[in-house]
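In what follows, a structure is listed as structure tokens, so that the remarks can point back to it.
Atoms considered below: every heavy atom in the structure, side chains included; atoms not considered: hydrogens, waters and symmetry mates. Chain letters run A, B, ... following the sequence lines, proteins first and then strands; every chain starts at 1.
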Amino acid sequence: MKMKKFINKPENIVAELLAGFALSHPGQIRLVGSNLVARAVPKAKGKVGVVTLGGSGHEPGLSGFVGEGMLDISVAGEIFAAPGAPRCLEAIRLANNGAGVLFIVLNHAGDVLSANLTMEMAKREGLNVKMTLTHEDISGGTDPEDRRGLVGFLPVYKVAGAAAEEGQPLDACCEIAERMGRNMRTLAVAVATATHPSTGQPIFELGDDEMEIGMGQHGEAGTGRMKLKTADETAEIMLDMLLKDLDVKAREELLVIVNGAGATTLMELFILFRHVDQVLKAKGIKLARAKVGEFITTQEQAGFQLMIARLDNELIRLWDAPSNAPYFVVR
Amino acid sequence: MKMKKFINKPENIVAELLAGFALSHPGQIRLVGSNLVARAVPKAKGKVGVVTLGGSGHEPGLSGFVGEGMLDISVAGEIFAAPGAPRCLEAIRLANNGAGVLFIVLNHAGDVLSANLTMEMAKREGLNVKMTLTHEDISGGTDPEDRRGLVGFLPVYKVAGAAAEEGQPLDACCEIAERMGRNMRTLAVAVATATHPSTGQPIFELGDDEMEIGMGQHGEAGTGRMKLKTADETAEIMLDMLLKDLDVKAREELLVIVNGAGATTLMELFILFRHVDQVLKAKGIKLARAKVGEFITTQEQAGFQLMIARLDNELIRLWDAPSNAPYFVVR
Amino acid sequence: MTSGISKADFARMIAGAAATIRSQHAVLSELDCAAGDGDHGATMLRTVDRLEKAFAPGGPEDLKTCLKDAGWSVLGVDGGASSSLLGVFFGGMADAAANDMTGMFEAGLAALRKQTKAQPGDKTMMDALVPAIQALRAAADSGKSVHEALFDAAAAARAGAEATRSLTARYGRAKFLGEKTLGHADPGAVSISLLFEGFYKGFSNLKGESGNA
Amino acid sequence: MTSGISKADFARMIAGAAATIRSQHAVLSELDCAAGDGDHGATMLRTVDRLEKAFAPGGPEDLKTCLKDAGWSVLGVDGGASSSLLGVFFGGMADAAANDMTGMFEAGLAALRKQTKAQPGDKTMMDALVPAIQALRAAADSGKSVHEALFDAAAAARAGAEATRSLTARYGRAKFLGEKTLGHADPGAVSISLLFEGFYKGFSNLKGESGNA
Ligand SMILES: Nc1ncnc2c1ncn2[C@@H]1O[C@H](COP(=O)(O)OP(=O)(O)O)[C@@H](O)[C@H]1O
Ligand SMILES: Nc1ncnc2c1ncn2[C@@H]1O[C@H](COP(=O)(O)OP(=O)(O)O)[C@@H](O)[C@H]1O
Ligand SMILES: [Mg+2]
Ligand SMILES: [Mg+2]
Ligand SMILES: [Mg+2]
Ligand SMILES: [Mg+2]
């Protein structure tokens, strides 16, 4: 299939998309320094700054979640590629309001390399920064190092961002982010590939009647290639794996996120969510909160990510706190 | 290409998606009567009710915009098919809080037939209902009857819904909806077809290097089939047609909406918006407000709708008013 | 002779119509793929289900009441243009005297015309429906039996539907496809011809069994 | 003899490396499609652009300063894993004495090792880089000229990159493709072999011109 995307020169994609994003949300975000996505109105002095980094091509992730109540600055790299340490360091300097900075990193090889370098440089400058890694993709195996960071970044941004907004100190914000991270699990499934917007090439191959459970954010292979299943069968297979891995007990309270990969419709996500809810009810597990939509995409890939997270009262309060991020407004 | 969608029995798609939608937004919406999407907390007595109807398969349109500040009830039909008059009448009865009901109808053959029948029945019952038709798709020609209702429903829901929330009477709400409607224009472009979720068939055919300007919400043909163009070229062609049709003068204030059809990425929509902004600046036209995202989709169709609307101060105030609809939260 | 029919007669006609639609629904969807959104077959299946229910034993004895209910029930199919139009049509049939089948069909058409400006030639269900009902009137005026009248109507409907191949759509969703609709029959018109074919077969089969035409 | 090199020498090596990368970037992207996300060629193009800029005339005279700047600039390529790693590598070269080329490359490798646990055999750029630098050390110890040393290094790097075909990835994005990476050379390792081929060509060409090896 020939790629059909509305772009101009491939090498300008990221600069142009960031410009358009900023122009379409003047009240909420703006570009500062070296194309860093920052809040239109910087956070009050004395509050912890929250910074993240990640490749582009996953819109609205990650920069769509910069805003009051969530991130202070997002450092966007090239398509599917982590930004380098220099711009991350610049972001951390800018986000520091005197209370230190929480640096939230999704576990992907390139991002972690940049983040580690950034941390070394920041420490050398005497900046007060703490880094927290999200790795909740259970398809990677049991070693946390092998678990990628998928849509779980969203609750981590949300609760850590809300804690920072409340004025909680860096240690507390970091503890909250890590607690959220420890208590969440994600599994992705793909049924159709995306094309890489710069190269025009499909990023993976799948048979006409196949789906793959465990597919990563950039088409990195998963473990479970199988025949296409119905919505209910798919939801059930994935939910069971997630509940088992997180060891969820009856009466515990869960946040559930169903994240569309790009071409999979909200119609399908609702149908899937409906069955997730049925299965949880059957097991006596409480659905405390839910979110269904596109939070991190992989171009026009078809598939979705299912995330579950165990919530305690503080995490629920922080999840419910107001937010003014362009793609995550909470009143 | 074989259809790959996460569904169960095709005949259950609509019931299941509505169930999932309601379950995932318990605080905001609920299903009442014959699967009508209504607010979780009904509007206060004495305020005008706002109701709409439309086929399913376009999520989050139309039911995603039920909520405080926007719609009271949305009547969802089968996939791409208008709901019949009986459920529309039921919705109008339920939405009537003693101040009458504004019935917002998108100009599509099936929807208008149902709406006209509904109005006759409502009148016979002595219900106080006013119907307003949105038809802003300039590809249909100059006769308003031939202009379909595309994403322009969004500002109409928003300003009429806000007026109703303010407690403005039915006549005023209707006048505001019609003023918004008169001052907006939309043009759609498609580059790749969607498959019909019930039949699994592609809804139209397009060459590998073709795009079609004027494509309707369900693949109804447009007028301008041409070779695929860059983002900037496409935005410029469409914007020029829209500005001409609405006869926009320098220094006037516009609302611009870029609506993704399904498979077209937010990345592309931002790139397109960026050039729309550049062209407007060059012409000395003011960008008053903007919205970029997926508000009404056609399954995994690739393409987008570009909408412009002339705003006056009252319309800007109402556009900015708070909303708690699941897919249109405004603080 | 003016031809009155009973609820039982009409129930048989509906059963016949349901049978023809069920045997052809795939064709209807294919036609709607070419000139619409592909759902017409599914919509017609739900439509005939509801028509049958409205005439199922145990329902009201009175034909007019059954037709009113049937019309309302078909409106509730939520299947877009065709189910609204057919709901209006069957519901409208109740506006005429029950002892005059032709009058009832004419009343249905009159009700339909209040909802659409489409005329024969516009490539809609009207291209089959109008000639079918004209055939009923002609048959009645020339004193033909219901059996013969329904035979003529089915033939006229089929001819009308066939003729839509050479037309371009001016109403409904298909309007926007313009020239592209040339060469394909209009799905709604084909549905009407299937309904009338079913009316004829349904009515006559049993009459046949009972020996007299 | 230990072989010192001047900024001018290194600038020629960089120019040579830029030339080989530019002629092969499509291959690099293809390899990255098979075992990653297809962007490695583009990333390497931006990387060599920045390396050349850092050594362009008018810049600092001191080789160490140029290397520090080059490393920082390559980190800023924002091209994912490889640009971070190569930025660390070139920046790290500045940690050794400028009059010892081998020592400088060893210092770059040492800096790189602080950022990745990958060893030869893990199917990464290390499979080309480690043998290349071992070859430099061996050449230096056996008193070979810079020209000869770079020739040996380029040969060792190519052999190391070639050998990655039969390995399965254990680091980076490709890790998740596991067995699927068998049969394809690792894009990063191939980049390293292209860089060293370019270092050799760039250094030697001019030496050649100036007549002595
Ligand atoms: N305005 C109209 N007048 C008469 N018939 C119409 C009109 N609009 C549509 N139709 C009929 O409806 C048919 C399409 O029905 P269907 O596909 O079920 O509804 P939809 O077009 O809403 O999907 C057309 O083939 C045509 O015969
Ligand atoms: N942890 C690592 N250690 C050493 N080399 C690595 C590591 N991760 C990735 N690489 C190298 O980087 C190459 C991929 O580079 P590139 O495609 O530019 O970055 P990305 O994988 O982020 O898209 C791999 O072929 C491999 O040689
Ligand atoms: Mg990359
Ligand atoms: Mg339809
Ligand atoms: Mg149809
Ligand atoms: Mg890569």
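Proximity to chain B is limited to the side chain of A:Leu228, based on heavy atoms less than 4.5 angstrom apart. With a 4.5 Å cut-off on non-hydrogen atoms, A:Thr265 touches chain B through its side chain but not through its backbone. For A:Asn324, the parts lying near chain B are the backbone and the side chain together; criterion is any non-hydrogen pair under 4.5 Å. At a 4.5 Å heavy-atom cutoff, B:Val276 makes no contact with chain A through either its backbone or its side chain. Only the side chain of B:Asp277 comes within less than 4.5 Å of a heavy atom in chain A; its backbone stays farther off. Heavy atoms closer than 4.5 Å to chain B are found in the side chain of A:Pro197, but not in its backbone. Residue contact with chain B, scored on non-hydrogen atoms closer than 4.5 Å, involves the side chain of A:His25 exclusively.
B:Gly303 and A:Phe6 make their closest contact through CA-CE1, 4.1 Å (heavy atoms, listed as atom of the first residue, atom of the second, distance). Scanning all heavy atoms of the two residues, the minimum distance from A:Pro322 to B:Arg331 falls at CB-NH2, 3.9 Å. Here the shortest heavy-atom pairing between B:Arg274 and A:Ala19 reads CD-CB, 4.0 Å.
Classified by interplanar angle (parallel below 30°, tilted 30° to 60°, perpendicular above 60°), the ring pair A:Tyr327/B:Phe270 is perpendicular.
The most heavy-atom pairs under 4.5 Å with chain B, out of A:Gly20, A:Ala302, A:Ala290, A:Ala15, come from A:Gly20. With respect to chain B, the highest number of heavy-atom pairs below 4.5 Å among A:Ala263, A:Ser24, A:Ser56 belongs to A:Ser24. For chain B, the option among A:Lys229, A:Glu68, A:Arg289 with the highest count of heavy-atom pairs below 4.5 Å is A:Glu68. Taking chain A as the reference chain and counting heavy-atom pairs below 4.5 Å, the highest number among B:Ile13, B:Ile7, B:Asn8, B:Val258 is found for B:Asn8.
Under the 4.0 Å criterion applied to side-chain N and carboxylate O atoms, A:Lys4 and B:Glu268 are not assigned as salt-bridge partners. With salt bridges taken as basic N to acidic carboxylate O contacts below 4.0 Å, none links A:Lys2 and B:Glu210.
Contact annotation: the side chain of B:Thr264 never approaches that of A:Lys5 to less than 4.5 Å [non-hydrogen atoms, C-beta and beyond]. In this structure, the side chains of B:Met267 and A:Gln299 come closer than 4.5 Å at one or more pairs of heavy atoms.
Pairs passing the salt bridge (charged side-chain N to carboxylate O under 4.0 Å, His left out) check and including a residue from residues 196-206 of chain A, sequence neighbours excluded, do not occur.
When the heavy atoms of residues 278-287 of chain B are compared with those of chain A, the residues falling under 4.5 Å are B:Lys281, B:Leu287, listed by number.
In this structure, CD on A:Glu16 lies 6.0 Å from CG on B:Asp232, to the nearest 0.5 angstrom.
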